[in-house]
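Below is one structure, written out as structure tokens; comments come after it.
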Amino acid sequence: MTMSAARKPFPFREFEPKWQARWESEQTFRTPGPGDAGFNPAKPKFYVLDMFPYPSGTGLHVGHPEGYTATDIIGRYKRMTGHNVLHPMGYDSFGLPAEQYAIKTGQHPAITTAANIDNFRRQLKSLGFAYDWNREIATTDPEYVRWTQWIFLQLYHAYFCEEKNQARPVADLEASGWTREQIDNVRLAYVADTPVWWSPDLGTVLANEEVEEWKAKGHTVERRPLRQWMLRITKYAQRLIDELDTLDWPEGIKLLQKNWIGRSEGASVRFEISNCNLQIEVFTTRPDTLFGATYMVLAPEHPYVPEITTPAQQSAVAAYQKAIASKSDMDRGDLNKDKSGVFTGAFAVNPVNHEQIPIWIADYVMMGYGTGAIMAVPAHDERDFEFAQRFDLPITQVVSSNTDGPPVPLLLEAFSDPGIAINSGFLDGLPTAQSKDRMIAWLEANKLGIRRIQYKLRDWLFSRQRYWGEPFPIIWKDDRHQAIPESELPLLAPPLEDYKPSGTPEPILNKAKEWIHLPDGFLRETNTMPQWAGSCWYYLRYCDPRNTARFLSEEAEAYWASSSAHAKSSPGMVDLYVGGTEHAVLHLLYARFWHKVLFDLGHVTTPEPFQKLVNQGLILGEDGQKMSKSRGNVVNPDDVVSEYGADALRLYEMFMGPLEQVKPWQMKGVEGVSRFLARVWRVAFEEHENQWRISKKIQDVACTDKGLLRVVHETIQKVGADIEKLSFNTAISQMMICTNAFTQAEVVPLREFIQLLAVLNPFAPHITEEIHERVAEVFKHPAVLLSETTWPAHDPLALVRHEIELVVQINGKLRDRLMIAKDADEETAKAAALNSPKVREHTDGKTLHKIIFIPGKLLNIVAS
RNA sequence: GCCGCCGUGGCGGAAUGGUAGACGCCACGGACUUAAAAUCCGUUGAAGGGCAACCUUCGUGGGGGUUCGAGUCCCCCCGGCGGCACCA
């Protein structure tokens, strides 16, 4: 026998493809929904979702099967426990790489995308996932694009009604006499001239959220004012924060979203400018420090800067503005220790004490947040303090850290904690919280300011200048936009010969002259949507993927959004969503936003898309480093499948450690689980002249071995409980224990062995089906699929123990273990313990102070 | 700087406040074999003691604390990973 033959202890190469083919031909995992043949509305639904992959040219990496196996195990388990399980797969197939490949080769992105999808599908199928492949979708499918564009039009035709705190159709506004312009100013999808991040070498603008990612890949980005499509996500900021509380998500992810949305409470305050009719509004979270505002700073790009700058300061201001404009934002961020700025020569009036305060410009104030202007309170803000020190501006303390007694002077650093107001007129003596309220009340009474809540979140820059994305279903005439009729959807981009970026911010579709020009002087919008568009709603389409009349039917939506058996009323549609943390603030925020708009407009019945979210941990290379081509530590799942089989790969990825944890790959570990599967195989079969034949130990008899029976039932119980907890590694170790018990048993009772196969089936579906089939044949059992059997019930009687091991501690230290009756009372346990020589050794001559008795478990004697 | 996550054998990891190290890997020993591989059976936290079954002490990043009892709870510190980063 050769070494390589010895390494293949069970014939997975034959049976894995065989079972995959059979599941496919028998449609084992077809999921009937409302309207489908075989749909049973009485069954509770369970919707378990993977983050669908971008079908890159390099295929799956081992990170993909980690989450996919986890959801597959849960999906299969839920099927076996009587649920109608929706567990679909698809492809997020728009995106830059296909287009960049097209630039290199001239091949249309649709061709490379289709080839990549075929490869992904092959790889996914080789892992035996129980997807309903009839529901497969790709975001680039014309029928999918149609409904992505349709949803965009819902946004376009809606505005955010502040009174109702929800989206409403703009038709309501038309009915109440709003003008075209007024309506265009409130649409959820709108056009704005705004400074955006534009990348000359990518030939597109990027969302704020994307900039860092592309810069890390070596692309350049610069700030440009451009006319772009925006989505008014900021209107949902508060709901996006508040409704996180209703979701079963990791706290860390909730926090990331909250911080990203960045709510702060404070006031907006108006400052008059001396010798000029302008007023400047600032936002502050510390209105209580207004008496300490000794200067003001505007962002260098602030529109008032040219108007207020005095002639003497003009050249200095212009030079500074120019220097800032040429700085990339990275430089601007890096320089945050060294404050820079220029005096404009102008003065503002502090509204509360009427002092003249100088107005500066500085790059530590951002145009994009608040009003692009601040009141500087150097005594109580670190940045203002630094700036004031650098430019010798006055510092006035207005908050004392000393809550009783005389104010503590400060000199060396800003004091930004809450304290007691001082030097602040009518605020003196008030603690910060009250002092804020008092100041806001004063500002409002004097019409100088107003209470305000400010968010960091900006509206979502939704247009790109790329080719491989959904075109906007919008046409233009006379600088006015309008929607194309729904009957014209999907609107597909025309083929191009040249996909190269032009080096200008012009959309690439501008090259398609014939496509752009429409009768009557209409022109098509030539921007395209970002890749996020497709991933914002794919979980909805899976529910009814072939519907040509609606993005999903009301019936399908109602059923798949209904609360599942164990979540009584869940605001989220998907019961379990598994994917990486990298989408914490992008996809997961965008999808929630779209879902809420669709909810407001009555198209879906839940306010949230994803009820429970789990982030799988990154799989590192064997060297403990992030897998990367350059490090040469990448593991290809195809290689693992061909060497050890799909079941071994699945099982290994689940056995590595907790799903959510970051963990390194170890090829030896794959061998370990492969050995485990071989042990299960050899419980059933023994090798005889190069053939596997049924083991004589397997007998169709009642299990008389109480110990074995107990292990089997413990395993049934623990594996089920562990799957519910997503604790797959511990479930597997229990099945190893059970298998070891079978290996050592004289007789393997058939019924119990099949129970082990059943609980192992969701983890290792191929080998368990194969063993089950072969064994069933020998014992003339009906040839049913294990995947279609029900989850075995554990027998509580089999778990009963009559005697337990009582742990005896003295002063918390383990001193003895005694076998006593399971339900022995304290007196009996105490007598037994005090009778033990080992215990006596430590208690003799000592006084017993106390006995702690945990029935069935432990006795602790406190003695000295 | 701020926020979050995490520190347990040689390694991956297990442990409702109650026997630390389950299960697996590695290593070592034995059986089978002409031999090796595979397989099966065992040993395997550290230090010390005993002919032996075993026994003792130490031990979950470090230091304090709460508790009859702490890997687990609280406070402080150190180290690693991830996110945000002049957000007024």
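Every chain is numbered from 1, with letters handed out A, B, ... down the list of sequences.
Across all strands, A:V862 comes closer than 4.0 Å only to sugar-phosphate atoms, never to a base (heavy-atom distances). Note on A:E805: a base of the nucleic acid sits closer than 4.0 angstrom, heavy atoms only. Residue A:V377 is out of contact with every strand shown, counting any heavy-atom pair closer than 4.0 Å. In this structure, A:G669 reaches neither bases nor backbone, as no heavy-atom distance under 4.0 Å exists between it and the strands shown. Within 4.0 Å (heavy atoms only), A:I854 reaches at least one base atom of the nucleic acid. Residue contacts shown for A:R452 are absent, as no nucleic acid heavy atom lies under 4.0 Å away. The residue A:N729 sits close only to the backbone: its heavy atoms come under 4.0 Å of sugar-phosphate atoms, none of a base. Across all strands shown, A:L858 has heavy atoms under 4.0 Å from base atoms, whether or not it also approaches the sugar-phosphate. Note on A:P250: nothing from the nucleic acid sits closer than 4.0 angstrom, heavy atoms only.
Whole-Å rounding puts the A:N860 CG to B:G69 P distance at 8 Å. Rounded to whole angstrom, the span from the CD1 atom of A:I851 across to the P atom of B:C68 amounts to 15 Å. If you take CD of A:Q625 and P of B:C81, they are 9 Å apart, rounded to a whole angstrom. Rounded to an integer number of Å, the gap from CD1 of A:I253 to P of B:C3 is 18 Å. Look at NZ on A:K838: it is 13 Å from P on B:A53, rounded to the nearest Å. Taking atom CE on A:M654 and atom C1' on B:G12, their separation rounds to 14 Å, with Å as the unit. Atoms CE (A:M367) and P (B:C86) sit 16 Å apart, rounded to a whole Å. In this structure, CZ of A:F283 is placed 17 Å from P of B:C86, rounded to the nearest angstrom.
When the nucleotides B:A88, B:C41, B:C68 are ranked by their closest atom to the side chain of A:T743, B:C41 comes out on top. Of the candidate nucleotides B:G18, B:A22, B:U56, B:U56 has the atom nearest to the side chain of A:H842. Closest to the A:T730 side chain, of the nucleotides B:G12, B:A15, B:G4, is B:A15. Residue A:W260 has its side chain nearest to B:C84 when only B:C84, B:C25, B:A88 are considered. With B:G24, B:G42, B:G83 as the candidates, the nucleotide lying closest to the side chain of A:M736 is B:G24. Listed nucleotides: B:C86, B:C25, B:C84. Nearest to the side chain of A:Y364: B:C86. Taking every side-chain heavy atom of A:L256 into account, B:G83 is the closest of B:G24, B:G83, B:C58. For A:N740, taking side-chain heavy atoms from C-beta onward, the closest of the listed nucleotides B:G4, B:C23, B:G18 is B:C23. For A:M366, the side-chain atoms get nearest to B:A88 when compared with the rest of B:G4, B:A88, B:G18. For A:D363, the listed nucleotide lying nearest its side chain is B:C86; candidates were B:C58, B:C84, B:C86.
Between B:A38 and B:G45, the distance separating the two P atoms is 24 Å to the nearest Å. To the nearest whole angstrom, the two C1' atoms, one in B:U56 and one in B:C68, are 23 Å apart. B:A53 and B:G61 have their C1' atoms separated by 38 Å, with the value rounded to a whole Å. Across the C1' atoms, B:C32 and B:G42 are found 15 Å apart, a figure rounded to whole Å. The same atom, P, is picked in B:G65 and in B:G71; the two are 15 Å apart, to the nearest Å. Here, B:U44 and B:A35 have their P atoms 28 Å apart, quoted to the whole Å. B:C26 and B:G13 are spaced 14 Å apart, taking the C1' atom of each and rounding to whole Å. Only the P atoms considered, B:C6 is 27 Å distant from B:G24, to the nearest whole Å.
Between A:K850 and B:C68 there is a side-chain N or O to OP1 or OP2 distance below 4.0 Å. A:N259 has no side-chain polar atom (N or O) that falls below the 4.0 Å cut-off from OP1 or OP2 of B:G83. An OP1 or OP2 oxygen of B:C26 is reached within less than 4.0 angstrom by a side-chain nitrogen or oxygen of A:K668. A:S264 has a side-chain polar atom (N or O) that falls below the 4.0 Å cut-off from OP1 or OP2 of B:A88. Between A:K663 and B:C6 there is no side-chain N or O to OP1 or OP2 distance below 4.0 Å. OP1 or OP2 of B:C25 has at least one side-chain nitrogen or oxygen of A:R675 nearer than 4.0 Å. Contact annotation: A:Q734 does not reach the phosphate of B:C23 (side-chain N/O to OP1 or OP2, under 4.0 Å). Contact annotation: A:R682 reaches the phosphate of B:C40 (side-chain N/O to OP1 or OP2, under 4.0 Å). Residue A:Q661 has a polar side-chain atom (N or O) positioned under 4.0 Å from OP1 or OP2 of B:G13. Phosphate proximity of B:C23 to A:R679: absent, as no side-chain N or O sits under 4.0 Å from OP1 or OP2.
Nucleotide B:G7 has B:C78 as its partner under the Watson-Crick or G-U criteria, with both atom distances under 3.5 Å. The nucleotide B:A70 finds no pairing partner, because no Watson-Crick or G-U wobble arrangement with both distances shorter than 3.5 Å includes it. Nucleotide B:U34 forms no Watson-Crick or G-U wobble pair with any nucleotide shown, as no partner meets the under 3.5 Å limit on both distances. Nucleotide B:G59 has no partner under the Watson-Crick or G-U criteria, as no pair reaches both atom distances under 3.5 Å. Partner assigned to B:C28 is B:G42, using Watson-Crick or G-U wobble distances below 3.5 angstrom. Checking B:U16 for Watson-Crick or G-U wobble geometry (two distances, each under 3.5 Å) identifies no partner in any strand.
Of all the heavy atoms in A:D623 and A:N633, the pair that sits closest is OD1-ND2, 3.0 Å.
If you check the side chains of A:T344 and A:Y304, you find no donor sitting under 3.5 Å from an acceptor. Checked by atom type, the side-chain pair A:Q734/A:T715 shows a donor-acceptor distance below 3.5 Å. Looking only at atom types and distance, the side chain of A:Y455 has a donor-acceptor partner in the side chain of A:Q238 under 3.5 Å away. Side-chain contact annotation: A:D722 with A:T730, donor-acceptor N/O pair under 3.5 Å present.
At least one test fails for A:R592 against the ring of A:W260: distance under 6.0 Å to the centre or angle within 45° of the axis. A cation-pi arrangement is absent between A:K830 and A:F853, since the terminal nitrogen or guanidinium carbon is not both under 6.0 Å from the aromatic centre and inside a 45° cone about the axis.
Between A:I361 and A:V297 the shortest side-chain heavy-atom distance does not fall below 4.5 Å. By the 4.5 Å heavy-atom criterion applied to side chains, A:W665 and A:V670 are counted as neighbours.
The ring of A:W360 has its center no closer than 6.0 angstrom to the ring center of A:Y295.
For the pair A:N811 and A:K456, nearest-nucleotide mapping onto RNA chain B gives the more 5' position to A:N811. If you find the closest nucleotide of RNA chain B to A:E841 and to A:V673, the one lying nearer the 5' end belongs to A:V673.
For B:G9, the base is syn relative to its sugar; the glycosidic angle is within 90° of 0.
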